[in-house]
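Reading through the structure tokens given below for one structure.
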Amino acid sequence: MTVHSLIDDLNTPQHEAVTTTDGFLMVLAGAGSGKTRVLTRRLAWLLANEVCRPEEILAVTFTNKAAREMRERVAEMLGMDPTGSMSRFWIGTFHSMGARILRQHADRLGYDSNFVILDTGDQERLVKNLVAESGGFARNNHWTPRRLVQTISRWKDDGVGPDQITEKHVLFPKDRVRLAEIYRGYQEALKRTNSMDFGDLLLNCLMLWRDNEDLLDLYRNRFRYLLVDEYQDTNKVQYQWMKWLATGHRNLCVVGDDDQSIYSWRGARLDNILNFSDDFPDTKVIRLEQNYRSTGNILRAAASVISNNDGRMDKTLWTEGEPGEPLVLYSAQSAEDEAEFVATEINSRASVGDYTPFSILVRTSRQTRLFEEALGIHRIPFQVVGGLRFMERAEVKDALAYLRMTASNRDDLAFERIINQPRRGLGPTTIERLRDLSVQTGLPLLEAARLATAQPEHQKMMRPAARNSLIRFITLIDQTRQTLEQSGPRAALDYLLVHSGYLESLESSDRGDDQRENLQELAAKLSQYSSLTAFLEEAALVSDMAGSNQTESEQGPITNFVTISTLHAAKGLEFPVVFLVGVEEEMLPHKMAMKDGEHALEEERRLAYVGMTRAREKLYLTCARQRFLFRERVRPLPSRFIAEIPKEIIENKGIGTRHRRGVGGGRGGRTTAYSWRKR
DNA sequence: TCCTCGTTTGTTTTT
DNA sequence: CAAACGAGGA
């Protein structure tokens with residue numbers, strides 16, 4: 001591809017966004033305005049014109065999948081091999097970059113470079129142990145491990161350490177001291193066990209740069225061109241990264257859309273994009289406002305909904321395309337009826353049996369179940385994105401814990417997870433004793449166990465049966481380490497699964513076949529790695545790693561399917577036909593979000609906006625007038641967002657409109673617009 | 001230590 | 001409607 005062909009099919013602002021290589025640049029890219037195209041062209045442009053070399057670029061994407069695709073596309077445009085010199089160009093999520101940098105300089109923080117990355121389950125178990133050991137919590141009904149982890153994670157996203165917790169960081173002043181204490185204890189436990197959570201991957205990098213000027217200079221000088229995608233979803237720490245790295249050369253380009261900010265619950269700051277021009281001097285702002293994706297009606301509906309938010313940046317999407325068909329609003333009798341409608345509708349539209357144009361977008365992953373069932377009945381193939389993840393399954397996590405044990409001596413959480421999995425007679429009592437010994441000696445649990453079995457003065461602390469079992473366990477780990485060294489990670493996993501008795505224990509499980517299949521998939525993935533650490537890192541950071549929900553047939557992977565996705569996971573995707581389902585009060589906007597005030601409601605609206613703008617040709621909105629939520633039957637009202645769409649572009653289907661809010665509802669005498677009626 | 005059964009509980013989104 | 005928890009018996 002020539003340099004000209006990189007730009008000759010772009011519109012004026014797109015062209016400018018690609019060719020403005022130096023200085024601070026903010027590209028406000030509306031939905032469907034060709035953002036991905038601009039990003040890849042820009043990267044290719046930098047390289048094709050030899051503005052810089054691949055290793056001088058740092059490009060941050062929101063998911064690792066996006067990173068992989070972008071690297072491939074850029075390489076393809078330049079006619080290069082993505083594994084050649086292109087592999088020196090850093091593209092990935094903030095978290096994967098953080099992990100990469102931290103492994104390089106772990107020693108400066110007092111860590112080993114093979115540190116483990118914890119997931120939320122690990123975090124919760126750690127906090128739970130910690131709280132129990134240190135005498136509980138005064139208001140323990142409120143401070144569940146989950147909430148504690150959330151709170152600590154939010155602090156980390158904001159760059160606040162355990163010693164900086166002031167009264168403004170806590171809801172109730174009397175919690176302050178205890179919370180800071182737990183946070184501090186948590187950080188100490190992480191360090192002791194050589195592990196980091198997601199927040200650490202970002203924050204520890206900042207600490208590293210703050211305390212080691214040479215390293216900050218190293219990365220500043222190395223990355224001469226910085227690019228951040230989805231800038232509206234960056235948090236304070238990520239902002240600080242860019243602020244520091246851009247000092248000097250000032251070549252920072254951020255791309256985003258304030259209307260698509262949907263991750264505030266993860267610490268994202270809309271302020272980052274709203275204040276960019278003030279934070280970085282002489283910023284050039286480029287607006288991509290022409291939409292190439294959706295029909296006029298879809299765009300109009302989406303714009304109309306999002307216009308109800310306050311404090312948006314000045315930006316108006318437009319299209320040259322036709323208005324297209326009206327939107328369809330289907331009011332279903334029940335959630336089952338809603339799913340049935342979607343399945344039937346897909347079947348009648350997919351005349352040639354091509355299911356790829358269709359997607360079903362849900363607010364919560366629980367909603368997918370009914371749609372999976374309905375599509376199943378109609379024999380429609382589907383794939384679930386962002387549902388229950390492959391890596392989250394119990395058997396996969398068990399296997400990973402075994403591998404973590406093999407990779408690291410200090411991974412106490414992994415030890416506790418698998419010490420009695422499968423059952424080997426090592427219950428809470430034994431673990432409690434080992435923990436005591438571990439605290440006394442300062443050794444990790446595995447080493448404490450070694451000590452307890454080897455030394456006579458410790459032997460009497462457990463029964464012979466437990467001792468023998470523990471010896472077998474330790475031998476298993478040692479043998480596996482040997483296997484790892486001699487024959488690689490795949491062989492090590494096979495050895496573990498057989499000799500731990502884990503595979504055998506699945507015989508009696510009623511999901512045994514499923515579980516074995518998942519483990520095989522994991523093993524297949526592991527075969528592609530030569531280093532166990534590299535594999536474990538991917539496993540922690542790449543959510544869709546093993547092609548989680550991919551359905552396979554004898555002919556290979558099935559590619560013809562309906563996509564079912566959560567709204568969050570649908571960011572960046574597009575489909576000719578979109579079913580936005582469960583468009584109900586307390587679902588979208590979600591109940592949990594509504595108690596957090598106006599800003600949370602606005603985020604729900606942005607979520608609806610993201611969903612609507614995924615559609616190219618046809619957009620269905622559906623709501624159920626009855627559904628079962630945990631124990632109860634609820635009768636949801638249609639979402640307030642529906643009323644924000646011009647009526648003339650909606651075609652109503654399903655049960656009559658007479659029950660809709662605002663009409664008064666003959667029998668119910670429903671007077672409040674958003675009341676939540678239960679029976 | 002393990003297993004089972006009844007009870008409680010808490011419900012969003014994910015790197 | 002789960003999964004997590006606690007009690008009590010084998």
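Residue numbers start from 1 in every chain, and the chains themselves are labelled A, B, ... in the order their sequence lines are given, proteins ahead of strands.
When the C1' atom of dT15(B) is taken as reference, atom CG of N64(A) falls 8 Å away, rounded to whole Å. In this structure, CD of E230(A) is placed 14 Å from P of dT14(B), rounded to the nearest angstrom. Rounded to whole angstrom, the span from the CD atom of E392(A) across to the C1' atom of dT13(B) amounts to 13 Å. Atom CG in L118(A) sits roughly 16 Å away from atom C1' in dT14(B) (whole-Å rounding). Taking atom CG of residue D233(A) and atom P of nucleotide dT13(B), one finds them 16 Å apart after rounding to whole Å. Distance, E602(A) CD to dT13(B) P: 22 Å, rounded to whole Å. In this structure, CE of M594(A) is placed 16 Å from P of dT13(B), rounded to the nearest angstrom. The CD atom of E603(A) sits 14 Å away from the P atom of dT13(B) (whole-angstrom rounding).
Every residue meeting the ring pair (Phe, Tyr, Trp, His ring centres under 6.0 Å) condition with W90(A), not counting sequence neighbours, appears here in chain and number order: F223(A). Remark: F371(A) pairs with no residue by the ring pair (Phe, Tyr, Trp, His ring centres under 6.0 Å) rule, at least two apart or across chains.
The pair R404(A)-D411(A) meets the salt-bridge criterion, since a charged nitrogen lies less than 4.0 angstrom from a carboxylate oxygen. For K397(A) and D119(A), the salt-bridge test passes: some basic side-chain N is under 4.0 Å from an acidic carboxylate O. The existence of a salt bridge linking K35(A) and E230(A) is confirmed by a sub-4.0 Å separation between a basic side-chain nitrogen and an acidic carboxylate oxygen.
Of the two residues contacting DNA chain B, namely I262(A) and R423(A), the nearest-nucleotide position lying further toward the 5' end is that of R423(A). Mapped onto DNA chain B by nearest heavy atom, G425(A) and A569(A) fall at different nucleotides, with G425(A) at the one closer to the 5' end.
Surrounding CD of E133(A) are more than 12 heavy atoms belonging to other residues, nucleotides or ligands, all under 6.0 Å away. Environment of CZ in R366(A): sparse, with no more than 12 heavy atoms of neighbouring residues, nucleotides or ligands closer than 6.0 Å.
With hydrogens and angles left out, the side-chain atoms of T93(A) and S96(A) include a donor and acceptor closer than 3.5 Å.
Cation-pi geometry between K525(A) and F535(A) is not met: the NZ or CZ atom fails to fall both under 6.0 Å from the ring centre and inside 45° of the normal. With Y263(A) as the aromatic partner, R266(A) meets the cation-pi criteria of under 6.0 angstrom to the ring centre and within 45 degrees of the ring axis. Cation-pi geometry between R424(A) and F473(A) is not met at under 6.0 angstrom from the ring centre and within 45 degrees of the axis. Remark: R103(A) is positioned above the aromatic ring of F115(A), its terminal NZ or CZ atom under 6.0 angstrom from the ring centre and at most 45 degrees off the axis.
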Query raised in the report: Taking it one step at a time, do Y219(A) and H105(A) satisfy ring pair (Phe, Tyr, Trp, His ring centres under 6.0 Å)?
Result: CA-CA 12 Å; Y219(A) 287 101; H105(A) 315 289; 5.7 Å; yes

**Report entry** Annotated protein contacts, base or backbone, on nucleotides 4-12 of chain B with a non-hydrogen cut-off under 4.0 Å, one of B, S, - each
**Finding:** -----BBBB

**Report entry** For DNA chain B, the dot-bracket pattern of Watson-Crick and G-U pairs whose distances stay under 3.5 Å, | for other-strand partners
**Finding:** ||||||||||.....

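Among the atoms of the strands shown, none is found under 4.0 Å from any heavy atom of K571(A). Across all strands, R147(A) comes closer than 4.0 Å to no nucleic acid atom at all (heavy-atom distances).
For the C1' atom pair drawn from dT13(B) and dA4(C), the interatomic distance equals 23 Å after rounding to whole Å.
Of the residues in residues 90-103 of chain A, those with a non-hydrogen atom less than 4.0 angstrom from any atom of DNA chain B are T93(A), H95(A).
A donor-acceptor contact shorter than 3.5 Å is absent between the side chain of R269(A) and the backbone of T234(A).
In summary, contact between chain A and DNA chain C, defined as any nucleotide atom under 4.0 Å from a heavy atom of the protein, begins and ends at dC1(C) to dC5(C) in the 5' to 3' direction.
Side-chain nitrogen and oxygen atoms of N420(A) include at least one within less than 4.0 Å of the OP1 or OP2 phosphate oxygen of dC2(B).
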